[in-house]
Amino acid sequence: MLEKSSYPEALAPQPSDIKTIDLERIVSLLRRQALVLVLCVAFMIMLAVIYLTLAPRSYLSAGQILIDRNLEQVTGEGPASTSATDLEAQVLNQVEVLRSSRVARSVAEAENLTTDQEFLNPPPSFTQRIKGFVGLGQGPQSGMLEATQDEVVGMLRSNVQVDRMGRSSIIRVGYEAPTPELAQRIASAYANALLQDQLNAELEATSAAADWLEQRLAEIGESQRQASLAIQQYRDETGLSVGEDRNLTTRRIEALSDQLAEAQAEMARLRALSEQLQAVVAAGPQAASNFVALLGDATTDPAEIATLRNQVATLTSRIAEIEAGFGADHPQLVTLRAEKSALDSRIFALLQNLDEQYRTQLSIARQQEAGLRADIAAEGQNAGAISQEQVRLNELQQRSAALQALYTSYLARYEEAVQRQSFPIPSVRIVTDALLPEAPSSPRTMVILAAALIAGSFAGVVLGMLNELRERGFRTGAQIRQQLGLRFLGYVPALNLDGDAPSDRLRKDIRTLVRGALGARIGRRWGAPLMETLKSTRLVLQPMADRGTAILSILSVLPDEGKSTFARSLAEMLAAIGSRVLLIDADIGADRSGLPARIMPSQQGDWRRVAETDLESGLVTLSAAAPEAGGGDLSSIAMQKVLAEARGQFDYVLIDLPALGPVIDALTVLPHTDASVLVVDWGRTPRRLLRGMLEREPELADHIVGVVLNKVDLGKLPRFTDAGGLERFAYRGDMRSSPEMEPAQR
């Protein structure tokens, strides 16, 4: 037998082949499922067109309103500018006010919408029209319609659109209606209703504030009057004026304090002079002449003091001159010194007199200081006596002043509220009036068509993915190699053969197709794949044929996979190139019933006698159902004898075996063959079934030398290959369809 090795499942991926998203596979998937994708998109677009045709048209009219707090400052009485946070809250508040039922009720009353037939009788919706077509909806209503105010308010709130324009203080308010005129009318009514609501709210607030302020003014005025009466009554009871007594006492204390300070300063001066004179008197009369200057502050005659100073100076100078000129023993010095001693005694007497005067003045100053201190203490006791009464009077005065200030403040606010009542200014204004819409706002044709296109594409992709997941057969040779680990021999295109024709006619048609493919008289579109597959099979069998007869079994998993047609085609090709070929038809098919027929010894004979030889090609065909070949029992001695004798007479022995799935006969004859070729129906043979059979029968997998994909639609084959797959480029020469190419093999 031929030595075989398992085919590698796949080459190791190169770094350039490893991608996060394989775009080539996605493109291949889209190409394969293009029809599903187109149908889904077309269906969605058709639904969109139906919706656009039946859906009623609606028109949107919108205006813009500005929230401007500066309008309140026109009269100079408005509040100060608010912060960004406060402005944000005001805008959001106005948005909710526009959506409220209060404004909607104002619009309904202003436009009289409870009896407006254009508003109450809109065109039927899309669902109503659909129900009308199928007979489930009600017919159009006739006569005058009328609705309650709550119903109208609900309809208005469901169709009004209120949005803030970015981060600005502008609010866009719009209304969607069946007609442009109605949409404009209601949108304008909403803007006017907000202005009127602001005015009404301003009037209500100022009126309530004015009433409350008026009541408070009356209460505060009465309280202030009672406080004034209490002050006057307390004055009468205590005899106190408003701060006069306390101020007088304070001024007296301040004057006495000033006098006390002056007395203390004078006493300090006298004390200093007295102490100095006491020191001079204590020194004696000898040094009295040195202190003549102290007599200047006394009551002594200034002329006398000046004379004394001159005499002292003259005597002192004369004594010094004589001592310097004549010595200390000069007789005149005695006279001069006696005169000076008499002068010193006189000055000393004056200093003693002055000392007595200062002592007397110091005593008087002390008495004066003590008297001032006593007066100050008396005035302090007088101030303390009236302090409690003055505190109570101050409390009454403060309360009266506070009530007066409060009354003045409330009076100013009351006057402001009265002025605002006469000239109310709202904080909103219309910056853009609602215009008459020129085109309908819904349905949006381009948006709906784009959504239909996207939805159709999505549905097509989903269905395409489901189709891909439901794909259970083999489509390419790469799948054979990767999932089965077997050698791929090639593609056999679908051939238009009449399966109900007589066997002779069928053989003749196969011979014609094979020879046409050999002679290049049939288009390369399918002839080249067929011939290349047959040549690949022959190339696999060539090593066995070189050593002797090659016995090849043709297998398939399920019936009607084209195995017999492939076996006949391979036999015709081998015979056409001059090889001796024996084709054993062991696929009994529907003719087989239960156990094989019992072959009597008398029926056994030479199998060559029942074999049929084609005189034109030399192909020998033997039916395994013949008694000479074992009567359909592939494991019989007769079949073994046929194979043993055929090894020396033929180059190739091809056995068309029954399908592996339904019966086990094929497995019984495999030990007597050299190799097997597995024929797989393109896109129909289940992958799981084939993999399971090869896993259960490992000897069968080792015996198979190659796999052939049969009944291939060459027009669809490139859809299942990668962008660089050989199947996309191998057969471009002839792209024409042939009438002989239809799946009808057996």
Side-chain angles (χ1 to χ4, degrees), residues 1-9 11 474-495 510 513-520 522-547 550-556 561-579 581 583 651-656 673-682 685 690 701-714 717-718 720-721 725-731 733 745:
M1 294 180 65
L2 182 64
E3 296 180 0
K4 300 175 288 295
S5 60
S6 60
Y7 198 84
E9 293 187 3
L11 296 176
F474 293 93
R475 295 289 185 176
T476 63
Q479 294 176 341
I480 296 294
R481 291 189 290 267
Q482 293 173 359
Q483 300 188 25
L484 300 182
L486 298 176
R487 187 189 191 100
F488 177 66
L489 299 178
Y491 301 100
V492 175
L495 305 176
I510 294 175
L513 292 175
V514 172
R515 292 188 177 184
L518 285 172
I522 301 179
R524 296 181 65 243
R525 171 77 172 165
W526 67 272
L530 172 62
M531 188 50 56
E532 292 301 322
T533 303
L534 297 178
K535 289 180 179 180
S536 298
T537 307
R538 175 178 173 272
L539 182 62
V540 173
L541 299 177
Q542 189 63 42
M544 291 180 287
D546 293 341
R547 294 195 299 266
I551 302 178
L552 177 68
S553 58
I554 311 299
L555 304 175
S556 68
E561 291 188 335
K563 168 179 55 62
S564 299
T565 301
F566 176 76
R568 172 65 65 174
S569 300
L570 179 61
E572 291 288 348
M573 189 274 292
L574 294 175
I577 63 176
S579 299
V581 182
L583 176 61
D651 296 326
Y652 298 94
V653 176
L654 307 181
I655 306 177
D656 181 14
T673 61
D674 296 327
S676 300
V677 172
L678 180 63
V679 178
V680 176
D681 195 347
W682 185 73
T685 303
L690 185 53
D702 295 337
H703 201 266
I704 296 174
V705 295
V707 179
V708 174
L709 282 177
N710 195 22
K711 300 182 183 180
V712 179
D713 187 345
L714 298 180
L717 179 61
F720 298 92
T721 59
L726 180 62
E727 292 83 352
R728 293 195 177 187
F729 308 98
Y731 312 114
Q745 296 106 302

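FYI, side chains are in, hydrogens and waters are out, and symmetry mates aren't considered; it's all heavy atoms of this structure.
- In terms of heavy atoms, D656 sits closest to K563 at OD1-NZ, 2.6 Å.
- The shortest heavy-atom contact between V680 and E561 is CA-OE1, 4.3 Å.
- Judged by distance alone, the side chain of N710 and the main-chain N or O of G562 form a donor-acceptor pair under 3.5 Å.
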Yes or no on side chain to side chain contact (heavy atoms under 4.5 Å, CB included) for L690 and L678, after CA distance, side-chain angles and deciding distance?
CA-CA 10 Å; L690 185 53; L678 180 63; 3.6 Å; yes
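- Across all non-hydrogen atoms, the minimal contact from L709 to F474 is CD2-CB, 3.9 Å.
- The structure places OG1 of T565 at 7.5 Å from NZ of K711, a figure rounded to the nearest 0.5 Å.
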Check: residues 533-541 side-chain donor-acceptor pairs under 3.5 Å, at least two apart:
| residue | atom | partner | partner atom | Å |
| --- | --- | --- | --- | --- |
| T533 | OG1 | Y491 | N | 3.0 |
| T533 | OG1 | Y491 | O | 2.6 |
| T533 | OG1 | P529 | O | 2.8 |
| S536 | OG | L489 | O | 3.3 |
| S536 | OG | E532 | O | 2.9 |
| T537 | OG1 | T533 | O | 2.9 |

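- Side-chain contact between V679 and V492 is absent, with no heavy-atom pair separated by less than 4.5 Å.
- Looking only at distances, a side-chain donor or acceptor of D674 sits under 3.5 Å from a matching main-chain atom of I551.
- The heavy-atom pair separating A545 from D651 by the smallest distance is CB-O, 4.4 Å.
- The two atoms that bring V677 and F566 nearest to each other are CG1-CE2, 4.0 Å, heavy atoms only.
- Interatomic distance, L654 CG to L574 CG, rounded to the nearest 0.5 Å: 6.0 Å.
- S676 pairs by the side chain to side chain donor-acceptor pair (under 3.5 Å) definition with S553, H703, not counting sequence neighbours.
- Minimum heavy-atom separation, F488 to R481: CB-NH1, 3.7 Å.
- Here the straight-line distance linking atom CE of M573 with atom CG of L513 works out to 14.5 Å at 0.5 Å rounding.
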Output, in order, the C-alpha distance, side-chain angles, deciding distance and verdict of side chain to side chain contact (heavy atoms under 4.5 Å, CB included) for R487 and V705.
CA-CA 7 Å; R487 187 189 191 100; V705 295; over 6 Å; no
